[in-house]
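Letters A, B, ... mirror the listed sequences (proteins, then strands); counts begin at 1. Given the structure is predicted, the values throughout are model-derived calculations rather than measurements.
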2 protein chains.
Amino acid sequence: MASLKSHNKKEQDLSLTKNQKIVLNLLQNSSEPLKAYSILDSLKTEGLKSPLQIYRALDKLEKLGKIHKIESKNSFIACSNSNCARNTAFTICESCGNVKELKNNYLSDGVNELIKKNKMSITRYNLEFYVLCKNCKTN
Amino acid sequence: MASLKSHNKKEQDLSLTKNQKIVLNLLQNSSEPLKAYSILDSLKTEGLKSPLQIYRALDKLEKLGKIHKIESKNSFIACSNSNCARNTAFTICESCGNVKELKNNYLSDGVNELIKKNKMSITRYNLEFYVLCKNCKTN
DNA sequence: CTTGAATTGTTATATTATTACATAATGTAA
DNA sequence: TTACATTATGTAATAATATAACAATTCAAG
């Protein structure tokens, strides 16, 4: 087991530490973005008791591209692509706050075009599209 | 002067209240985004002494589209277009943090195309492009 | 003038995030 | 292996950002 783990490190990010795994797991199983202190509350049972333990795990996961921060909501969401550490795009429902990550492939061509046309030399981008989600439209 | 002022209210947003004007003025004369508490510090001399006075002015100005919040920096910047209350786009230097608002016209066509192509029904957007600004490139 | 909406002032408090410091685990090169 | 650097941990304290609650005031519309 141990040897398997270390062998696959890079591919599967099994190199995550205990705290990082716990936090990532919570986010991956959440249907909505979570706030740091709400994560903390949820993980008190797992032995995480200080904000810093959460923030440190979040920082690392974000750098790895495994999660993203929705800045306008001070919330964190698991990456639904494949570890996009640099470019992100979300839709955010203006009514209920529901957030979805847009698939890289859907956008990247269009965004690249946009960038070229405007002669911008971009190292990274974050796009937030505000919408009315299906649920909220019908209500 | 006074009569001119009241006559042009709507066009020039002279209807702003005292606090709102003071805060907007500070932001318009700033070369960089400012944080709420730094605004508070700067305006202690003008009689503004509580965070809430600042936040309330900022909220109002943001709704009017006269300023924007850079969420990832918890900072505020005066609008450099004409009161774009809904759609915003910025470049943010990854090195020095320098922020510039992109002109609406530069982007809007391209963004609209992008939205159409992806069949999104967007009510509003905020685009953050991270760059290396000229200064930081050469250093 | 008077009524209702918006704005203000003030205190207290909630929420989000980091500093500082001591310790332990892990990786790596001699 | 030892030794050294790097990374992660735990904990307490505190900084930075933002809002709640309430009383008082301003100010335009009827």
Side-chain angles (χ1 to χ4, degrees), chain A residues 1-10 13-27 32-64 66-77 97, chain B residues 2-3 5-10 13-27 32-64 66-77 97:
Chain A
M1 283 291 281
S3 64
L4 178 64
K5 264 190 173 178
S6 56
H7 186 257
N8 287 341
K9 261 184 187 179
K10 278 170 196 167
D13 282 301
L14 294 176
S15 63
L16 293 180
T17 66
K18 175 177 138 274
N19 288 358
Q20 289 159 12
K21 278 184 205 162
I22 293 173
V23 170
L24 177 57
N25 188 52
L26 183 69
L27 282 171
E32 51 177 15
L34 298 178
K35 288 170 170 268
Y37 276 74
S38 118
I39 293 174
L40 177 57
D41 280 347
S42 301
L43 296 181
K44 286 254 164 82
T45 55
E46 313 267 349
L48 298 197
K49 16 185 176 172
S50 92
L52 200 43
Q53 292 177 299
I54 307 299
Y55 280 108
R56 285 202 277 226
L58 290 172
D59 279 356
K60 190 62 190 296
L61 291 169
E62 213 184 349
K63 269 173 196 147
L64 294 173
K66 308 210 70 87
I67 68 170
H68 306 301
K69 182 174 186 184
I70 314 294
E71 293 286 356
S72 60
K73 298 170 73 70
N74 296 322
S75 297
F76 300 85
I77 190 173
Chain B
S3 64
K5 265 191 174 180
S6 56
H7 185 258
N8 287 342
K9 260 186 187 178
K10 278 170 195 166
D13 281 301
L14 294 176
S15 64
L16 294 180
T17 66
K18 174 177 138 276
N19 289 357
Q20 290 157 13
K21 278 183 206 162
I22 293 173
V23 170
L24 178 57
N25 188 53
L26 183 68
L27 282 171
E32 52 177 14
L34 298 178
K35 289 171 169 268
Y37 276 73
S38 119
I39 293 173
L40 178 57
D41 279 347
S42 301
L43 296 182
K44 286 254 165 79
T45 54
E46 312 268 350
L48 298 197
K49 15 184 175 174
S50 91
L52 203 41
Q53 293 177 298
I54 307 299
Y55 280 108
R56 286 202 275 228
L58 290 172
D59 279 356
K60 191 61 192 298
L61 291 169
E62 212 183 349
K63 270 175 194 144
L64 293 173
K66 308 210 70 84
I67 68 170
H68 306 300
K69 182 175 187 183
I70 313 294
E71 292 287 355
S72 60
K73 297 171 73 71
N74 296 323
S75 298
F76 300 85
I77 190 175

Hey, what do you get for OG (S38(B)) to CD1 (I54(B)), rounding to the nearest 0.5 Å?
9.5 Å
I'd like to know if the side chain of K73(B) and the backbone of G97(B) have a donor-acceptor N/O pair within less than 3.5 Å.
yes
To the nearest 0.5 Å, tell me how far K69(B) NZ sits from I77(B) CD1.
14.0 Å
Quick check for you: among dA8(D), dG9(C), dA18(D), whose closest atom lies nearest to any side-chain atom of K69(B)?
dA18(D)
How long is the straight-line distance from CD1 of I70(A) back to CD of E71(B), given to the nearest 0.5 Å?
11.0 Å
Nucleotide dT16(C), atom P - distance to OH of Y55(A) in whole Å:
7 Å
Side chain Y37(B) and base dA15(D) donor-acceptor under 3.5 Å
no
In whole angstroms, the gap separating P of dA20(D) from CZ of R56(B) amounts to 11 Å
Value in whole Å for how far the C1' atom of dC27(D) lies from CG of L16(B)
16 Å
Looking only at side-chain atoms of K35(A), point me to the closest of dT16(C), dT7(C), dT18(C).
dT16(C)
Quick check: do L27(A) and L58(A) have side-chain heavy atoms less than 4.5 Å from each other?
yes
May I have the distance from L61(B) (atom CG) to dT7(C) (atom C1'), rounded to whole angstrom?
13 Å
Can you work out whether Q20(B) or K49(B) has the more 5'-proximal nearest nucleotide on DNA chain C?
Q20(B)
d(CG, L58(B); C1', dT17(D)) in whole Å:
12 Å
Selected nucleotide, minimal atom distance to N19(B) side chain, candidates dT8(C), dG10(D), dA18(D)
dT8(C)
Among dT19(C), dG10(D), dT16(C), which nucleotide has an atom closest to any side-chain atom of L52(A)?
dT19(C)
How long is the line joining CD of Q53(A) and C1' of dA17(C), in whole Å?
15 Å
E71(B) atom CD is separated from dA16(D) atom C1', nearest whole Å, by 16 Å
Ranking dT9(D), dT16(C), dT17(D) by distance to the side chain of N74(B), first place goes to dT17(D)
Let's see if you can work this out: which of dA8(D), dG9(C), dG10(D) has an atom nearest to the side-chain heavy atoms of T17(A)?
dA8(D)
Starting from P on dT18(C), measure out to NZ on K73(B) and report it in whole angstrom.
13 Å
